[in-house]
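Contents: one structure, followed by commentary.
Given the structure is predicted, the values throughout are model-derived calculations rather than measurements.
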Amino acid sequence: MAGPDPYARNCPSRRVLDRIGDKWTVLVVGSLSDGPKRYGEIARRVDGVSQKMLTQTLRSLERDGLVSRTVFPEIPPRVEYELTDAGRSLRAPLAALERWAVDHLDGVLESRTMFDDALHAQP
């Protein structure tokens with residue numbers, strides 16, 4: 001029997017790729033790469049993420065074993081999120097994606113402009 005095949009529609013590995021390839025996951029993992037953070041710290045770092053999306057992303061990452069959530073018995077309660085060992089193992093590949101996006105941004109924007117100009121120039 002063959003192993004997981006992310007190219008197969010129903011393979012569970014596809015759902016893992018969906019999770020780690022999600023833009024909010026990339027940014028949340030990146031924001032946690034230097035240590036535990038409270039929800040508000042993550043929200044400030046990941047500019048533009050809605051409260052709903054950040055909550056869903058953190059819950060999904062926790063469910064997948066990539067982030068741990070710790071509630072401290074204080075008044076008011078303090079909650080921190082941090083990467084697990086599995087989550088930390090994602091730092092390098094996701095940082096490479098971030099770096100690629102920054103390094104190639106000018107070329108991508110130029111290509112988009114050329115494509116859109118050519119598209120609009122067609123009769």
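- In this structure, a donor-acceptor pair under 3.5 Å is present between the side chains of R19 and T25.
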*Kindly indicate, with the supporting measurements, whether the criterion side chain to side chain contact (heavy atoms under 4.5 Å, CB included) is fulfilled by W24 and L27.*
CA-CA 5 Å; W24 299 122; L27 297 172; 4.1 Å; yes
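- Taken to the nearest 0.5 Å, the CZ atom of R91 stands 6.5 Å off from the OG atom of S33.
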*Determine, step by step, whether L61 and T84 satisfy the side chain to side chain contact (heavy atoms under 4.5 Å, CB included) criterion, reporting the C-alpha distance in whole Å, the side-chain angles of both residues, the deciding distance to 0.1 Å, and the verdict.*
CA-CA 10 Å; L61 290 169; T84 62; over 6 Å; no
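- Taken together through direct or relayed side-chain contacts under 4.5 Å among Ile, Leu, Val, Met, Phe, Trp and Tyr, V26 and W100 form parts of separate hydrophobic clusters.
- Here the shortest heavy-atom pairing between H120 and D116 reads ND1-O, 2.6 Å.
- K23 contributes atom NZ, which lies 10.0 Å from atom OG1 of T57 (distance to the nearest 0.5 angstrom).
- Scanning all heavy atoms of the two residues, the minimum distance from R45 to S31 falls at CG-CB, 3.6 Å.
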*Applying side chain to side chain contact (heavy atoms under 4.5 Å, CB included), run through L54 and I42 and close with a yes or a no.*
CA-CA 8 Å; L54 181 54; I42 300 167; 3.7 Å; yes
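- Rounded to the nearest 0.5 Å, atoms OH (Y39) and OG1 (T55) are 3.0 Å apart.
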_Please determine whether side chain to side chain contact (heavy atoms under 4.5 Å, CB included) holds for the pair V79 and F72, giving the CA-CA distance in whole Å, both sets of side-chain angles, and the decisive distance to 0.1 Å._
CA-CA 6 Å; V79 178; F72 294 90; over 6 Å; no
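- Residues T70 and Y81 bring no donor and acceptor atom of their side chains to less than 3.5 Å of each other.
- Hydrophobic clustering of Ile, Leu, Val, Met, Phe, Trp and Tyr side chains at less than 4.5 Å, counting indirect connections, unites V67 with V71.
- A salt bridge links D34 and K37; the closest N-O separation between the charged side-chain nitrogens and carboxylate oxygens is under 4.0 Å.
- Note on R78 versus E80: salt bridge recorded, some NZ/NE/NH1/NH2 to OD/OE distance being below 4.0 Å.
- Within 6.0 Å of CD in E74 there are more than 12 heavy atoms belonging to other residues, nucleotides or ligands.
- In this structure, the side chains of M114 and S111 stay at 4.5 Å or more apart for every pair of heavy atoms.
- Residues L97 and V46 share a hydrophobic cluster, clusters being chains of Ile/Leu/Val/Met/Phe/Trp/Tyr side chains in contact below 4.5 Å.
- More than 12 heavy-atom neighbours from other residues, nucleotides or ligands sit within 6.0 angstrom of CZ on R88.
- Distance alone, capped at 3.5 Å, places no donor-acceptor pair between the D64 side chain and the L66 backbone.
- The two residues P6 and C11 come nearest to each other via the heavy atoms N-SG, 4.3 Å.
- The number of heavy-atom neighbours closer than 6.0 Å to CZ of F115, taken from other residues, nucleotides and ligands shown, is 12 or below.
- At least one donor-acceptor pair closer than 3.5 Å links the side chain of S60 to the backbone N or O of Q56.
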